[in-house]
Every structure is written in structure tokens, then in C-alpha cells.
Amino acid sequence: MPTETVEGILDRALNGHELSWEDGVRLLKARSPDAIAQIRSTADQLRQQQSGDVVTYIINRNINFTNICEQHCSFCAFRRDEGDEGAYWLELEQLLEKATDAVQRGATELCMQGGLNPKATLNGSSLAYYLRIVTTLKDAFPQLHLHAFSPQEVQFIAREDGLSYATVIAALRDAGVNSLPGTAAEVLDDDVRRVLCPEKIDTATWLEIVGLAHQQGLHTTSTMLSGHIETPEQQIRHLDLLRSLQQSSLEKGYPGITEFILLPFVGQEAPKPLRRRVGRDQPVLADALLLMAVARIFLGRWITNHQPSWVKLGLAGATEALTWGCNDIGGTLMEEHITTMAGAQGGTCMEVETLVGAIASLDRPYRQRDTLYGVVSCEKG
Ligand SMILES: C[S@@+](CC[C@H](N)C(=O)[O-])C[C@H]1O[C@@H](n2cnc3c(N)ncnc32)[C@H](O)[C@@H]1O
Ligand SMILES: Nc1c(NC[C@H](O)[C@H](O)[C@H](O)CO)[nH]c(=O)[nH]c1=O
Ligand SMILES: N[C@@H](Cc1ccc(O)cc1)C(=O)O
Ligand code: SF4
């Protein structure tokens with residue numbers, strides 16, 4: 001059978017057909033400027049059909065409560081051993097101060113994740129320690145959305161305390177966690193994971209924990225760490241797994257994945273072996289843009305919110321991504337450590353005026369959203 005043209009594949013996508021893995025790989029391997037322009041234009045049309053012209057943003061704050069981590073992911077410049085220079089572990093009062101400041105600045109969300117610190121326990125329990133963080137913040141700010149703890153952190157707590165994933169997720173939820181970040185996905189391919197994050201949960205476990213979070217009534221986001229050793233085939237396999245997981249969660253009437261965020265690898269200060277192997281310090285914008293466009297086309301109606309990372313691509317790069325299928329510019333973040341420590345150039349904080357200015361520069365309307373893409377009322381409180 002002759003291979004279908006890129007145009008043929010894009011036509012099918014525009015007509016609402018689901019693309020196969022082969023179709024996706026074909027698109028990602030396109031090299032001619034014409035084909036790439038067609039992919040961009042299709043992603044932009046689908047963005048328009050699926051989420052309209054409005055570009056959303058969120059007022060949120062990152063809090064990374066510790067960088068002490070027992071794992072050694074080969075891309076991670078954030079982690080430290082206890083006692084290392086730069087190792088930190090925030091007290092509850094410091095978390096409360098940061099949350100108070102965030103609320104005063106209009107935040108609706110705290111995005112919280114950290115290192116995997118076996119000493120972070122309360123009465124010998126890792127879960128009790130995490131629950132105390134959650135209840136402390138929620139008691140002070142019940143209205144604040146806690147978007148917290150990656151599937152890897154859920155597995156860490158479960159392992160430390162000998163509990164099931166479902167028990168951990170339910171306890172976090174009952175204490176006030178409102179949704180889970182879909183980090184630790186990296187590339188959902190166990191060959192890639194053996195090199196990138198050999199100590200992390202495997203592909204099946206990531207999918208299991210995110211599926212369980214949905215089953216327990218929590219939305220999650222989804223991410224991909226791109227631009228290191230992975231192949232186009234592995235990138236599409238990752239998107240395919242996200243799409244199937246979303247189909248299965250929504251079919252059962254569970255909440256699902258709210259958005260897809262591409263996280264291009266920043267190598268500058270990353271540990272030397274991977275940095276040398278990848279051979280570049282900053283992401284290649286053109287590669288990230290093409291992948292974001294293909295993600296919009298491939299995920300189709302199943303995941304309709306797409307966010308670039310201004311931390312990793314810079315605000316100009318993230319703004320350009322809004323014309324390659326993205327419909328959200330992300331959060332104000334207020335602070336960012338993980339990729340900034342890896343040498344990211346995009347900055348650590350954005351003012352609302354800066355984000356909406358970037359959106360307006362494309363003549364697109366903007367709107368503040370909450371974590372689940374709901375409307376945030378204009379009243380300031
Ligand atoms: C640092 S972890 C924090 C939560 C938890 N320790 C975990 O690994 O799930 C959050 C995510 O940051 C991203 N990240 C870390 N280092 C990065 C780098 N050098 N470039 C781009 N993204 C990075 C990875 O995708 C990782 O899953
Ligand atoms: N928090 C980081 C993001 N994006 C996440 C959003 O800000 C937000 O938490 C999510 O959309 C849920 O509402 N992207 C990064 O590259 N780095 C971050 O630290
Ligand atoms: N994935 C997180 C955001 C995030 C991404 C990259 C990071 O380094 C940190 C946080 C989310 O779901 O919102
Ligand atoms: S990515 Fe997360 S688990 Fe891996 S070393 Fe960094 S902080 Fe630890």
C-alpha cells in the first residue's frame with residue numbers, strides 16, 4: 001500500500017478521524033517546509049474548532065517544599081542529597097507564608113511538588129507528613145485549589161508506608177488535594193525510562209496511578225519531557241497512551257486529563273552524562289513547536305487544552321506556540337526552581353499583564369481560568 005501523503009493524514013484529522021500511531025510518526029518526521037506549514041495550519045484550525053480563539057492563563061504559585069530526593073533522574077538539576085550545598089526543606093510556616101503571599105496576589109492554585117525525601121515523615125509516616133502540609137494549607141485557604149503531588153510522589157508515599165496507591169490518593173483527596181500534576185511521565189516508554197529515570201515508576205505504573213486518581217474523582221494534567229534521547233516513534237507512543245487513558249477514564253464517567261503540557265528538556269545545568277549525550281543546552285524551538293502541533297492533532301477531541309512552557313521556551317517561544325495548536329499560556333508561577341536550576345532562560349515569574357500582553361500581541365482574546373479551565377469571576381476578593 002502506498003504511504004499516504006501528509007496532506008491526506010491532515011485531511012482525515014480535520015474531518016474528526018482519529019490518527020493512528022503510523023500517521024502520527026509520519027507527521028513528526030515531516031521535514032519539508034510545506035508539510036510543516038500544513039501541520040501548523042491544521043493544528044491551528046483544530047485549536048480554533050476545539051477551544052476557540054480565547055487564550056487562557058492562570059494565576060498560580062509553584063511551591064517545591066524540598067529538593068532533597070532519594071532518586072537520581074539523569075535530567076534533573078533540582079535534586080540534592082541531604083547536607084549538600086543548596087539542599088533545602090521548607091517549614092510549614094514558610095509554606096503558609098508563600099501561600100498567603102500567593103493569595104494576596106490573586107492566585108487560585110498552588111502547584112506543589114518536591115523531591116522524594118524519606119526523612120519527611122510525621123510519627124514515622126510519610127503519608128501523615130504530606131497530609132499535614134495539605135491540611136495546614138487548606139485550613140488557612142479552603143478556596144485555594146491544590147494541584148499537588150505527581151504520580152511518582154504518590155508511589156513514594158505508598159511504598160514508604162506500605163499502602164496501596166488508591167489509599168494514598170483517597171487520603172490526599174480527603175485532606176484537600178484537588179488535582180494531580182501529570183509530571184513524572186517523562187517519556188512513557190520503558191527503554192527511555194531506563195536511561196532517564198531508572199529509579200522512577202515504570203510506564204504501566206504511571207498510567208495506573210493517573211487512572212486511579214481519575215477513578216477517585218480527581219482530574220490530572222499530562223506532560224511529556226521532550227528533546228533528549230527519545231525517537232518520534234516513542235513520542236507518538238506516549239501520546240497514544242495518554243489518549244487511550246483519557247478515553248478509558250471518560251468512558252467510565254470519571255474526571256480526566258485537563259491539559260497536555262510539553263516540557264522541553266533543558267540541559268545546561270543537567271547532570272553531565274545526559275547533557276553530553278544530548279549535546280545541547282537549550283531546547284530547539286522548531287522541534288518543540290512541531291511536536292506541540294502534532295500533539296494537538298493526535299490527541300484530537302480527547303485532550304483539548306494545550307499549554308507550552310514559557311519557563312523552558314521563553315515567553316516569545318511560548319507565544320509562538322499559541323499559533324501551533326496551543327490555547328493556554330500557563331501560569332504566573334510566582335517562583336520556579338526545577339528547570340531554572342537546569343539553566344532555563346524563560347524566567348521564574350510572570351505578571352498577569354505580561355501574559356495577557358503576549359496573548360494580545362497575536363490579536364487573540366484572553367481569559368483567566370482556574371485549574372480545571374473554569375471561569376474565574378472578575379471580582380477581586
Ligand atoms: C522535578 S519533578 C518534581 C516531582 C517529583 N520529584 C517527580 O519527579 O515526579 C517534576 C518534573 O520536572 C521536569 N523536569 C525536571 N528537570 C527538567 C529539565 N532539566 N528540563 C525540563 N524539565 C525538567 C520533569 O518532567 C519532572 O517530572
Ligand atoms: N507549573 C509549571 C508549569 N505549568 C503548570 C501550570 O502553571 C498549571 O499548574 C497547570 O496548568 C494546572 O492549572 N509549566 C512549567 O513548565 N513549569 C511549571 O513549574
Ligand atoms: N506538570 C505540572 C506542571 C509542572 C511542569 C514542569 C515542572 O518542572 C513543574 C511543574 C502540572 O500539571 O501543572
Ligand atoms: S525528577 Fe523528581 S524524582 Fe527525579 S531526581 Fe528530580 S526531584 Fe527526584
Side-chain angles (χ1 to χ4, degrees), residues 56-79 107-117 145-156 178-187 193 196-197 199-201 206 209-210 219-228 257-271 274-275 278 281-283 288 305-314 318 328-344 346-350 355 368-374 376:
T56 46
Y57 64 93
I58 180 161
I59 307 184
N60 65 350
R61 177 178 206 124
N62 274 340
I63 299 185
N64 304 122
F65 60 95
T66 183
N67 64 352
I68 298 172
C69 186
E70 64 164 26
Q71 295 197 358
H72 310 79
C73 299
S74 69
F75 52 81
C76 184
F78 169 71
R79 71 158 305 280
T108 63
E109 170 195 295
L110 292 180
C111 177
M112 216 166 27
Q113 351 180 45
L116 312 170
N117 183 349
H145 184 113
L146 280 193
H147 180 61
F149 311 130
S150 74
Q152 177 57 62
E153 291 172 285
V154 169
Q155 185 269 351
F156 170 76
N178 302 99
S179 59
L180 256 54
T183 38
E186 321 312 357
V187 176
R193 300 179 83 74
L196 239 51
C197 47
E199 299 158 290
K200 263 198 169 133
I201 48 176
W206 189 92
I209 293 176
V210 174
H219 286 90
T220 70
T221 59
S222 63
T223 63
M224 182 198 303
L225 181 75
S226 66
H228 38 85
I257 295 168
T258 53
E259 65 186 4
F260 174 72
I261 316 168
L262 188 71
L263 306 173
F265 168 63
V266 176
Q268 193 171 303
E269 307 296 334
L274 184 67
R275 183 187 157 211
V278 175
D281 287 345
Q282 296 296 328
N305 296 309
H306 290 245
Q307 178 189 140
S309 171
W310 54 257
V311 178
K312 284 126 182 122
L313 297 176
D328 180 81
I329 192 107
T332 55
L333 300 186
M334 298 188 194
E335 57 180 299
E336 204 286 329
H337 304 279
I338 296 171
T339 0
T340 303
M341 287 169 84
T348 59
C349 175
M350 286 286 162
L355 292 179
Q368 185 185 347
R369 66 163 171 95
D370 64 18
T371 309
L372 306 181
Y373 283 76
V376 175

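Not measured: the values here are computed from a predicted model. In each ligand, atom 1 is the first atom listed, and ligand 1 is the first ligand listed. Just so it is clear, the values below take in all heavy atoms, side chains as well, and ignore hydrogens, waters and symmetry mates. Numbers for residues simply follow the sequence, beginning at 1.
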Quick check on contacts: which atoms of ligand 1 are under 4.0 angstrom from a heavy atom of [X]?
X    : value
P264 : 21 (C)
K312 : 21 (C), 22 (N)
A342 : 19 (N)
T339 : 18 (C), 20 (N), 21 (C), 22 (N)

| said: Please work out, at 4.0 Å between heavy atoms, whether the side chain, the backbone, both, or neither of K312 comes within that distance of ligand 3. | reply: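 Under 4.0 Å from ligand 3, K312 contributes side-chain atoms alone.
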| ligand 3-proximal atoms of V311, by part, heavy-atom distance under 4.0 Å | neither
| Quick one: does Q307 get an N or O within less than 3.5 Å of an N or O on ligand 2? | yes
| said: Can you tell me which portion of T339 lies within the under-4.0 Å heavy-atom range of ligand 2? Options are side chain, backbone, both, or neither. | reply: neither
| Between I338 and ligand 2, which residue portion shows a heavy-atom distance shorter than 4.0 Å: side chain, backbone, both, or neither? | neither
| query | Taking the non-hydrogen atoms of E109, is any one of them nearer than 4.0 angstrom to ligand 3? | reply | no
| Among H147, E259, E109, Q113, whose heavy atom sits nearest atom 10 (C) of ligand 2? |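 Comparing heavy atoms across H147, E259, E109, Q113, the nearest one to atom 10 (C) of ligand 2 lies in E259.
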| task | State, without any angle test, whether D281 and Q268 hold a side-chain donor-acceptor pair at a distance under 3.5 Å. | result | no
